[in-house]
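Note on naming: letters A, B, ... go to the chains in the order of the sequence lines (proteins, then strands), and numbering restarts at 1 for each one. Computed over heavy atoms, backbone and side chain alike; hydrogens, waters and symmetry mates excluded.
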2 protein chains.
Amino acid sequence: MTLNYTFKALSDPTRRKILDLLKEEDLTAGEIAEHFNMTKPSISRHLNLLKQAELIWDERKGQFIYYSLNTTVFQDLMKWVLQFQNQGGTGNE
Amino acid sequence: MTLNYTFKALSDPTRRKILDLLKEEDLTAGEIAEHFNMTKPSISRHLNLLKQAELIWDERKGQFIYYSLNTTVFQDLMKWVLQFQNQGGTGNE
DNA sequence: TAGATATTTAGCTATTTAGCTAAATATATA
DNA sequence: TATATATTTAGCTAAATAGCTAAATATCTA
């Protein structure tokens, strides 16, 4: 179940901040790491979790790997949240 | 930051299933526990985490404690998700 | 008040997670 | 090819999390 990965990925504040950064512009792994008081390997692992959840994409350009948002998963997330606004119904019909 | 509690609470499949159940109707702690292959104390802890995140309310009626959805937090969650649909902007303006 | 039912709290253990350092991999360039 | 830069992978440790059982708390009713 892919929504499980989505929520797991979103449960960490560092990872949500990474998404906030990528909302503005695509960034390399190094540029992302600069925004945090944390080692690059730690950020790399967070990026990997976000990638597994398909919340972000990666693309290598020479020495650099650029990360960007994947907005489609947010649409699925939106559908999930909407179920709880419209009372009644299973959300699966 | 309350959104942090929200996402932590939503990161567990059991807790999301509890929300699905409460979407249909208010239920007692015992009724909720019946839907899971898990002890009542374990369910009780999950309910407590959902309550801390203000995703649900509880109300005692005699021997029973009824749980119900609090839809207002889902609205905040919705705002958060929407930021990532409309590219550009910080979402804080 | 005593006993039954509903639920939570306390305390324990196994698993998962997030951080670190050191080493490995990939690319660019002299 | 050798060296430098960018990033990830591997392996470790401390802290957090989810499950359990046993005990405590709250309410109802005989």
Partners passing ring pair (Phe, Tyr, Trp, His ring centres under 6.0 Å) against B:F7 (at least two apart in sequence or in another chain):
B:W80

Does C:dA6 have OP1 or OP2 under 4.0 Å away from a side-chain N or O of B:Y67?
no

Find out if a path of hydrophobic residues (ILVMFWY) with successive side-chain heavy-atom gaps under 4.5 Å connects A:M38 to A:L49.
no

Out of curiosity, B:H46 NE2 to B:I56 CD1, how far, rounded to the nearest 0.5 Å?
11.5 Å

Under 4.0 Å between a side-chain nitrogen and a carboxylate oxygen: does that hold for B:D20 and B:K17?
no

dist B:L69:CG -> B:I18:CD1 (nearest 0.5 Å) comes out at 11.0 Å

Distance check, rounded to the nearest 0.5 Å: B:D26 atom CG versus B:E31 atom CD?
10.0 Å

Please walk me through it: do A:L55 and A:L22 pass side chain to side chain contact (heavy atoms under 4.5 Å, CB included)?
CA-CA 10 Å; A:L55 286 158; A:L22 293 178; over 6 Å; no

Residues within residues 28-38 of chain B bordering DNA chain D, heavy-atom distance below 4.0 Å:
B:M38

Would A:L19 and B:M78 show up in the same hydrophobic cluster when neighbours are defined by side-chain heavy atoms closer than 4.5 Å?
yes

Strictly under 3.5 Å: I want the nitrogen or oxygen pairs between protein and nucleotides 1-5 of chain C, one per line.
| residue | atom | partner | partner atom | Å |
| --- | --- | --- | --- | --- |
| C:dT5 | O2 | B:Q63 | NE2 | 3.0 |

Let's see if you get this right: which residues in residues 39-61 of chain A place a heavy atom under 4.0 Å from DNA chain C?
A:T39, A:P41, A:S42, A:R45, A:H46, A:L49, A:R60

Review item, nucleotides 13-16 of chain D N/O atoms under 3.5 Å of protein N/O:
none

Tell me, which pairs form a side chain to side chain donor-acceptor pair (under 3.5 Å) where one or both residues lie in residues 52-64 of chain A, sequence neighbours left out?
A:K51-A:D58

Is the backbone N or O of B:L10 less than 3.5 Å from a side-chain atom of B:R15, with the two atoms forming a donor-acceptor pair by type?
no

Supply the atom-to-atom distance B:Y67 OH to B:I43 CD1, rounded to the nearest 0.5 angstrom.
11.0 Å

Under 4.0 Å from OP1 or OP2 of C:dT7: is there any side-chain N or O of B:Y66 that close?
no

